[in-house]
Amino acid sequence: MASVDETAPAAPSREEAADEVAALTIRINEARDAYYERDTVIISDAEYDELMRRLEALERLYPELQSQDSPTLTVGGRGETTLFAPVEHAERMLSLDNVFSADELAEWATRARAAAGRDVHWLCELKIDGLALNLRYRRGRLVSAATRGDGRVGEDVTENVRFVPGIPMQLEGTGHPELVEVRGEVFFPTAAFDALNARQAETGEREFANPRNAASGSLRQKAEGKNAAQIELMRARLGGLQMLVHGIGAWPDPPVAAQSEVYGLLAEWGLPTSTRFRVVDSIEGVQEFVAYYGEHRHSVEHEIDGVVVKVDELALHAELGATSRAPRWAIAYKYPPEQVNTTLVDIVVSVGRTGRATPYAVMEPVRVAGSVVRQATLHNQEVVKAKGVLIGDTVVLRKAGDVIPEVLGPVVELRDGTEREFVMPAECPECGTPLRPMKEGDIDLRCPNARTCPAQVRGRVEHIGSRGALDIEALGEVSAAALTQPRVPAEPPLPTEAGLFDLTVDDLTPIEVVVRDAETGLEKLDADGSARVRAPFRRNPTSAERKAGLEGPQPSASAIKLIDEIAKAKTKPLWRILVSLNIRHVGPVAARALADHFGSLEAIRAASRDELAEVEGVGSIIADSLIDWFEVDWHREIVDRWAAAGVQFATPGHPGPGRATDGGGVLAGLTVVATGSLEGFTREGAQEAIIAAGGKAASSVSKKTDFVAAGPGAGSKLAKAEELGIRILDAAQFAILVTKGPDALEQ
DNA sequence: CACCCTCGAGTTCA
DNA sequence: CTCGAGGGTG
């Protein structure tokens, strides 16, 4: 393409240029605002391009005239304000269905081929472990870059994407549609990821667990409030990212017939595409590709978690169509969970809130299946014996279900004789009480010192704060530990949970806790060798407060918040109070049933074994558990002290035992499971909505389930529902279900 | 005596 | 979210 600029007149002076740059900037910004913000056109494309070219030329001539927010640097609408704003994708970004074995893959391919009704070509490519990104180009110019989000609406990260190398601001060549969306994966190549983590470690910042998190974190950085050096660093991080484009949004009449040819076009437009793909004409060819990269997954420059197989013929994509979640013409094959070797440094025993002593493996930190693992549970001493691991062994580690770390066993050949056997301690590691099985034949050992064992008190207090119990936001792991075993004062404010509702801000302010290293669990030391402590519940007075005559430390915001939230918890529903009493086998479900049936703790305490067992979901075991619980003095003391502090142990207006207001509601007799994130509902809120409508909110999908409400992020439950042919609802349908009932769905 | 379900624990992430 | 253990139900 010949340029008209070649015959341009003599270069303008710097002063003339400055004036012209200013004028051009205003003109271009007006045109952009009109176009992007108000969807109107005030100048032609040719004119616009001419203005941009002129501005670029002037800025090349006098680089100092290029302002930070020059239109040549910004993309789309006006920068900063749009960062992370929701962006609706022109076309839904679907996810892919998964298969986990060669057999399942072959079954899928056979089905797809049958549906197609003729021989197909298979396009095999690598499934990159990164972050899905949608790039929207209008008239060849990048107007937005957005994360996948829920598939319909993502987050605008355009401002940051500008600094990712390889993503063109302007498409090359011609022939691209007026408006086109391309999808791809942003990721850190393994080398860049390692370099990034090395830098994080150097500057004392947290290392990223895996390239995907690092990519996600990097794209979601904000320049706002950062100084020049920090912005420099942020851009350097973005500079380590890479993108590979692997798909294109709706293109009604593409000039090519196959997905693989689309990649050629994308490359011609200047978009980065992977060269590691192959088109084969048989299932055997697909399996070969899968096997090859299964062997060589670590010789690829980025992490991969599988292979994507697509039907290559574009005509068949439309024919095969898609479910609500995923296209039928593509599948993701996931490699089996990775196994790695590491050193078993030690086997340590922890005690939970029920007193159970659980040995767990402490290992040399190692990366497996995308994250760094240093611990894994060993369940109990029998399991340790069965696995045959010795302390000091090299062990094989994997992630079961790609999430939970699991020690498989020792590599016996690597032993050098220094390994030693694990001996289950006879005493509780936290309070020294001899451990014992609770009943004959139990494998689990427990610490019988339920009342004062620090581990158990800490665990119970934490449980009280948890979401399934009193849901006290400020009372989590850290606060629970601080309240039950601070370093100062020597006597903790909460020797047991009985005093929880008597706590005052003044009880909290003296608290100091020892800072421990997150990795080693050892106390961190100050320069002078004394342990480093933190006082989370107090702060120094402000100058204004000092002037007003206030002396000494003041309660911190978190102290006030904690006390305030504890006070609010006193009137929470009875079932929550019940759960927070830590009675064995009484979780949210049993507690709700009991609360509905009896209406007060007094009624539950007064009930006989048989009366308790009348409640749905409560049998003889739970009934005994309740009766036993009330027979313990210090348990009754908890109830008495909580009651004295104003905790409400009854449901106001409850008609009395056995006369629970029964049934009714639009969902009466129906079981609903909610999974994934449902727009407009919290996880808890969705359950509440089901129960409020008279339905049963189950936690797992079974044949008895009537509806499954699934949002983005839904996992195995959705798969199970599809397998069982259970009706699946999105958030909007779910909202209708819980307000108007199932009949309203048919309209 | 099968199922189906809840509980409890561990883990890791944002 | 997942798993194992063990309770509840039909």
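Naming convention: chains lettered A, B, ... in sequence-line order (proteins, then strands); numbering from 1 in each chain.
More than 12 heavy atoms of other residues, nucleotides or ligands lie within 6.0 Å of CD in A/E427, so this atom counts as buried by the packing criterion. For A/R467, the CZ atom counts as loosely surrounded, since its 6.0 Å shell holds 12 or fewer non-hydrogen atoms of other residues, nucleotides or ligands.
Rounded to whole Å, atom P of C/dG7 lies 11 Å from atom CG of A/D624. Counting to the nearest Å, the C1' atom of C/dG6 and the CZ atom of A/R356 are 12 Å from each other. Taking atom NE2 of residue A/H585 and atom P of nucleotide C/dG7, one finds them 6 Å apart after rounding to whole Å. Atom pair A/R592:CZ and B/dT6:P shows a separation of 12 Å (rounding to whole Å applied). The interatomic distance linking A/E477 (CD) with B/dG10 (P) rounds to 12 Å, in whole Å. Here C/dG7 presents its C1' atom at 12 Å from CZ of A/R584, a figure rounded to the nearest Å. Distance A/L581 CG to B/dG8 C1': 17 Å, rounded to the nearest Å. When rounded to the nearest whole Å, the span between CD of A/Q375 and P of B/dT12 equals 7 Å.
Of the listed nucleotides (C/dG7, B/dC7, B/dG10), B/dG10 has the atom at the smallest distance from the side chain of A/T377. Taking only side-chain atoms of A/P405, from C-beta outward, the nucleotide of B/dT12, C/dG7, B/dG10 with the closest atom is B/dT12. The side chain of A/A376 approaches B/dT11 more closely than any other nucleotide in the set B/dT11, B/dC7, B/dG10. Side chain of A/A590, nearest nucleotide from B/dG10, B/dC7, C/dG7: B/dC7. For A/I622, the side-chain atoms get nearest to C/dG8 when compared with the rest of B/dG10, B/dC7, C/dG8.
Here A/T358 reaches the OP1 or OP2 of B/dG10: one of its side-chain N or O atoms lies under 4.0 Å away. Dashed line: the shortest gap from a side-chain N or O of A/R353 to OP1 or OP2 of B/dA9 is under 4.0 Å.
When the nearest nucleotides of DNA chain B are assigned to A/T354 and A/V373 by heavy-atom distance, the more 5′-ward of the two goes with A/T354.
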Q | CA sep, side-chain torsions, deciding dist, call: A/V153, A/H89, side-chain contact (heavy atoms from CB on, under 4.5 Å) | A | CA-CA 6 Å; A/V153 177; A/H89 307 308; over 6 Å; no

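Nucleic acid contact class of A/G619 (heavy atoms, under 4.0 Å, all strands): sugar-phosphate only.
When all heavy atoms are compared, the tightest approach of A/V351 to A/C428 is CG2-SG, 3.9 Å.
A salt bridge links A/E473 with A/K561: the distance from a Lys NZ or Arg NE/NH1/NH2 to an Asp or Glu carboxylate oxygen falls below 4.0 Å.
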